[in-house]
> 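Please read through the structure below; I'll follow up with questions.
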Amino acid sequence: MHALLIEDDSEAARFLVKGLRESGHTVEHAADGRVGLAQAVSGPFDIVITDRMLPHLDGLAVIEGMRAKGIATPVLVLSALGSVDDRIKGLKAGGDDYLTKPFAFAELLARIEALLRRHPSAPHATRLKVEDLEFDLLTRRVTRAGQELQLTARELKLLEYLMRRAGQVVTRTMLLEGVWDLHFDPQSNLIDVHISRLRQAVDRGTDHPLIHTVRGTGYVLRRES
Amino acid sequence: MRLDLFNTTAFRLSVGYTLLVTLAVGVTLGSAYFLTESLITDEVDLIIDTELNSLEEKYARSGVPGVTDEINLRIDSWGRIGAVYMLADPSFERIAGNVTDWPFDGMPSERWPEFEIGTIEPGRRSVHPVRAAVRTLPDGDLLLVGTDISQGRRFADKFRFATLWGIGLSTLVAALAGFWFSYRLARRVGEVANTCQRIMAGDAGRRLPVAGTRDEFDSLAVSVNRVLDRLEEQAGTLRATFDSAAHDLRAPLHRLRTRMDALLMRSPPLEPPVYESVDAALREVDHVQRTLATLLQIALAESGAPLSAPAAVDLGELAEELVDLFEPVAGAKGLALECHREAGAIVQGNRQLLAQLLTNLIENALKYVPRGGRVEVSVRRAGAQVQLIVSDNGPGIAADDRARAVQPFVRVGAAAKDEGSGLGLSLVAAIARLHRGSLQLASNDPGLKVTVQLPL
């Protein structure tokens with residue numbers, strides 16, 4: 001994937017560029033907003049990652065500039081401003097996701113992955129299917145190998161989120177935001193408990209579990225690799 | 001805010017003012033009345049005295065016949081209008097005069113006795129009040145001289161009538177004027193109060209209206225507006241300071257974290273013991289970052305900056321969602337977590353902050369209540385307030401420690417050994433205050449009962 005990173009903090013940028021390249025992305029780096037916007041407009045990128053506070057032109061102005069030129073490339077905003085209001089402003093300006101510094105690199109990778117695959121092939125599908133796990137979205141019935149699973153409403157919500165992103169690593173904060181619309185981190189191991197309950201229901205007694213823990217990052221629903 | 005007109009200073013002042021007007025008009029007109037009345041009476045008395053004197057003189061010179069003649073003369077056309085005379089012997093029998101019978105029961109005791117006399121005028125009978133004086137002549141005969149005072153009485157009656165009406169009307173006018181003034185005052189003060197309330201509710205750019213009449217209200221409005229400008233400016237400065245503090249602290253934390261991340265992802269991987277300690281250091285960084293974020297959030301909430309873009313949040317629904325979210329955690333710890341809610345507990349606020357408030361309270365309870373305990377979250381309406389109560393049957397907080405427990409970095413009781421930030425309840429208090437609400441800790445006998453009150 002081809003990414004543009006607009007970040008004025010050269011040291012942070014160096015590590016991000018290195019990390020992204022090691023993860024298999026190609027990255028271009030711009031050190032201020034004006035150059036960043038020019039680059040974003042001139043070349044096709046799969047994703048733009050921009051800092052919020054930049055010299056010359058701030059991150060939100062870069063997004064507005066891009067959108068004004070009709071460039072719909074997904075934008076991930078990185079910011080040292082972490083309040084709820086800052087987040088809302090960032091998303092309103094046309095950002096597709098917002099990550100508050102400091103963040104774990106794994107979190108950034110998962111978010112990039114999610115943005116790149118943001119447009120599922122069949123958004124209005126009425127059935128989700130991963131291997132022998134099937135989710136009928138209309139009747140809210142889930143079957144595993146033809147056997148119906150008894151799931152609570154919250155387990156269904158969580159499973160739907162995971163199945164729609166099958167094969168993709170989702171982090172705990174992504175789950176909190178995506179499933180419960182909570183934009184802060186509770187202290188308890190909330191998500192782990194929910195996942196372990198879901199795992200009990202979905203994977204118990206099978207020899208090929210679908211829900212996997214990705215160490216230090218989050219979870220993924222896929223056929224075991 | 002609606003001002004209750006009858007409970008304003010202006011209204012009380014105008015009631016007092018009306019009473020004062022009534023009193024002043026009453027005293028003025030009343031004394032004029034009594035003065036006039038006594039002047040008229042004095043005039044009458046003087047005439048009676050003068051006539052008595054001259055008749056007494058006549059008697060001294062020419063005895064009873066002389067007085068009789070004189071009286072008859074005076075009763076005739078020469079006499080004054082309304083004059084009454086009588087000369088009687090010691091047994092009150094009439095000797096002369098225009099009164100047929102002695103009008104009193106014996107000798108009157110007062111100096112100026114009054115009586116009524118019936119007269120026959122052409123066409124009608126009428127009764128006239130008479131004021132008189134009696135003197136005993138040297139030989140025991142009695143001389144009575146009086147004056148018909150019906151005209152004076154009529155005058156006094158009219159005067160009294162006018163006085164009462166005068167008092168009544170001026171009271172009415174003063175009361176109406178006072179009501180009008182207090183209404184106008186209450187309206188202007190109400191405008192000020194309303195505007196202030198809107199500003200408190202988050203409309204920070206609003207200012208008091210200045211009518212341009214350069215009166216005391218305008219000068220008040222101008223002064224208050226200056227204070228508001230200053231406050232808004234300060235809130236802006238504070239906000240900018242927090243933003244730069246956040247930025248300047250987060251940026252190095254971010255670099256630190258990124259370097260550590262890079263170390264952990266290095267290939268070939270770090271030796272396990274090195275990896276473990278870098279990983280532990282990374283968790284410390286995350287802890288510092290969370291504490292910093294919470295502190296900034298508290299500081300921002302406490303700075304008095306109003307809540308930006310508040311929206312309607314159904315607190316009952318939010319509580320239910322969060323209880324649902326935390327239920328598995330409670331279950332894993334062997335605790336019962338329940339939610340009771342009333343419909344329509346809707347507050348104006350920020351959903352994320354209110355969710356954070358609920359999360360902190362629920363997490364606190366789940367952390368300290370021992371296995372087998374129960375935690376109850378209830379949301380209900382109480383008048384113009386929404387009450388959010390999180391109660392448990394855990395160890396609770398000693399009464400002496402409750403006030404301190406809300407302060408930042410203070411850990412009391414069971415929390416003393418805890419690794420938490422010590423900011424949980426401070427953040428709850430700050431979020432409640434930001435929503436113009438309050439936080440209260442009490443005993444649940446046994447356990448802790450946390451009540452958050454928010455305005456509807």
Side-chain angles (χ1 to χ4, degrees), chain A residues 7-16 18-19 22-23 51-53 78-89 92 99-109 152-155 157-158 176-177 179-198 216, chain B residues 239 242-244 246-262 264-267 279 282 285-286 288-290 292-294 296-297 300 307-309 321-322 324-333 350-353 355-356 359-360 362-364 366-367 419-421 424:
Chain A
E7 165 69 276
D8 60 322
D9 183 334
S10 58
E11 197 186 331
R14 197 158 53 86
F15 282 108
L16 287 185
K18 188 164 172 279
E22 277 168 10
S23 317
D51 189 27
R52 168 83 188 268
M53 285 159 115
L78 308 179
S79 176
L81 301 179
S83 82
V84 179
D85 291 346
D86 294 320
R87 224 198 120 73
I88 292 169
K89 260 184 245 161
K92 258 196 191 147
L99 205 50
T100 305
K101 290 180 183 177
F103 47 79
F105 188 72
E107 182 79 38
L108 177 69
L109 280 183
T152 63
R154 59 169 177 256
E155 286 164 346
K157 260 164 67 178
L158 183 56
L176 277 168
E177 290 177 14
V179 181
W180 285 280
D181 187 27
L182 295 180
H183 299 273
F184 55 89
D185 287 324
Q187 295 193 345
S188 26
N189 55 342
L190 201 53
I191 296 302
D192 299 341
V193 175
H194 280 272
I195 291 285
S196 89
R197 284 219 172 177
L198 185 63
Chain B
R239 171 96 215 207
F242 287 145
D243 282 354
S244 40
H247 185 268
D248 291 357
L249 289 170
R250 278 199 176 110
L253 274 178
H254 177 56
R255 283 194 292 269
L256 181 61
R257 205 191 188 295
T258 312
R259 272 169 185 261
M260 292 162 105
D261 252 345
L264 293 183
M265 289 187 303
R266 215 161 78 149
S267 65
D279 197 43
L282 200 70
V285 171
D286 285 345
V288 169
Q289 188 271 328
R290 264 203 304 274
L292 171 70
T294 312
L296 285 169
Q297 224 174 349
L300 194 64
L307 199 59
S308 68
E321 276 172 36
L322 283 162
D324 187 58
L325 176 65
F326 277 98
E327 200 278 315
V329 180
K333 277 202 68 184
N350 181 308
R351 189 178 178 277
Q352 291 302 324
L353 291 178
Q356 172 101 62
T359 298
N360 282 13
I362 295 172
E363 282 190 332
N364 260 359
L366 295 185
K367 195 150 57 172
E419 300 219 325
S421 63

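When reading the values below, keep in mind they use all heavy atoms of this one structure, side chains included, and skip hydrogens, waters and symmetry mates. Chain letters run A, B, ... following the sequence lines, proteins first, then strands; residues in each count from 1. Predicted model, so just to flag it, every value in this text is computed and none were measured.
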> If I measure from the heavy atoms of chain A, does B/Arg259 come under 4.5 Å with its side chain, its backbone, both, or neither?
both
> What pairs with A/Phe103 under ring pair (Phe, Tyr, Trp, His ring centres under 6.0 Å), at least two apart in sequence or on another chain?
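For A/Phe103, the residues satisfying ring pair (Phe, Tyr, Trp, His ring centres under 6.0 Å) (neighbours in sequence not counted) are B/His254.
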> Starting at OG1 of B/Thr258, measure out to NZ of A/Lys18 and round the result to the nearest 0.5 Å.
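Rounded to the nearest 0.5 Å, the OG1-NZ separation comes out at 12.0 Å.
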> Side chain, backbone, both or neither: which part of B/Gln352 has an atom under 4.5 Å from a heavy atom of chain A?
both
> For B/Leu322, which atoms come within 4.5 Å of any heavy atom of chain A: side chain, backbone, both, or neither?
side chain
> So, B/Asn360 side chain and B/Gly424 main chain: donor-acceptor pair closer than 3.5 Å or not?
yes
> Under the rule for ring pair (Phe, Tyr, Trp, His ring centres under 6.0 Å), what residues qualify as partners of A/His183, not counting sequence neighbours?
none
> Which atoms of A/Asp192 are under 4.5 Å from chain B, going by heavy atoms: the side chain, the backbone, both sets, or neither?
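Nothing of A/Asp192, per the 4.5 Å heavy-atom cut-off to chain B.
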> Side chain, backbone, both or neither: which part of B/Glu363 has an atom under 4.5 Å from a heavy atom of chain A?
side chain
> Any carboxylate oxygen within less than 4.0 angstrom of a Lys/Arg side-chain nitrogen, looking at A/Asp9 and B/Arg255?
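Judged by the 4.0 Å cut-off on N to carboxylate O distance, A/Asp9 and B/Arg255 do form a salt bridge.
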> I need the single residue from A/Arg52, A/Lys89, A/Lys101 that forms a side-chain contact (heavy atoms from CB on, under 4.5 Å) with A/Ser79. Which is it?
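Only match with A/Ser79 under side-chain contact (heavy atoms from CB on, under 4.5 Å): A/Arg52.
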> Looking only at heavy atoms and a cut-off of under 4.5 Å, which of B/Leu282, B/Asp286, B/Asp248, B/Thr359 has the most pairs with chain A?
B/Thr359
> Specify which of B/Ala332, B/Ala355, B/Ala293 makes the most heavy-atom pairs with chain A at under 4.5 Å.
B/Ala355
> Under a 4.5 Å cutoff for heavy-atom pairs, which residue among A/Asn189, A/Asp51, A/Asp181 has the most contacts with chain B?
A/Asp181
> Of the listed residues (B/Gln356, B/Gln289, B/Gln297), which shares the most heavy-atom pairs with chain A below a 4.5 Å separation?
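Most heavy-atom pairs under 4.5 Å with chain A: B/Gln356.
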> Yes or no on side chain to side chain contact (heavy atoms under 4.5 Å, CB included) for A/Ile191 and A/Val179, after CA distance, side-chain angles and deciding distance?
CA-CA 11 Å; A/Ile191 296 302; A/Val179 181; over 6 Å; no
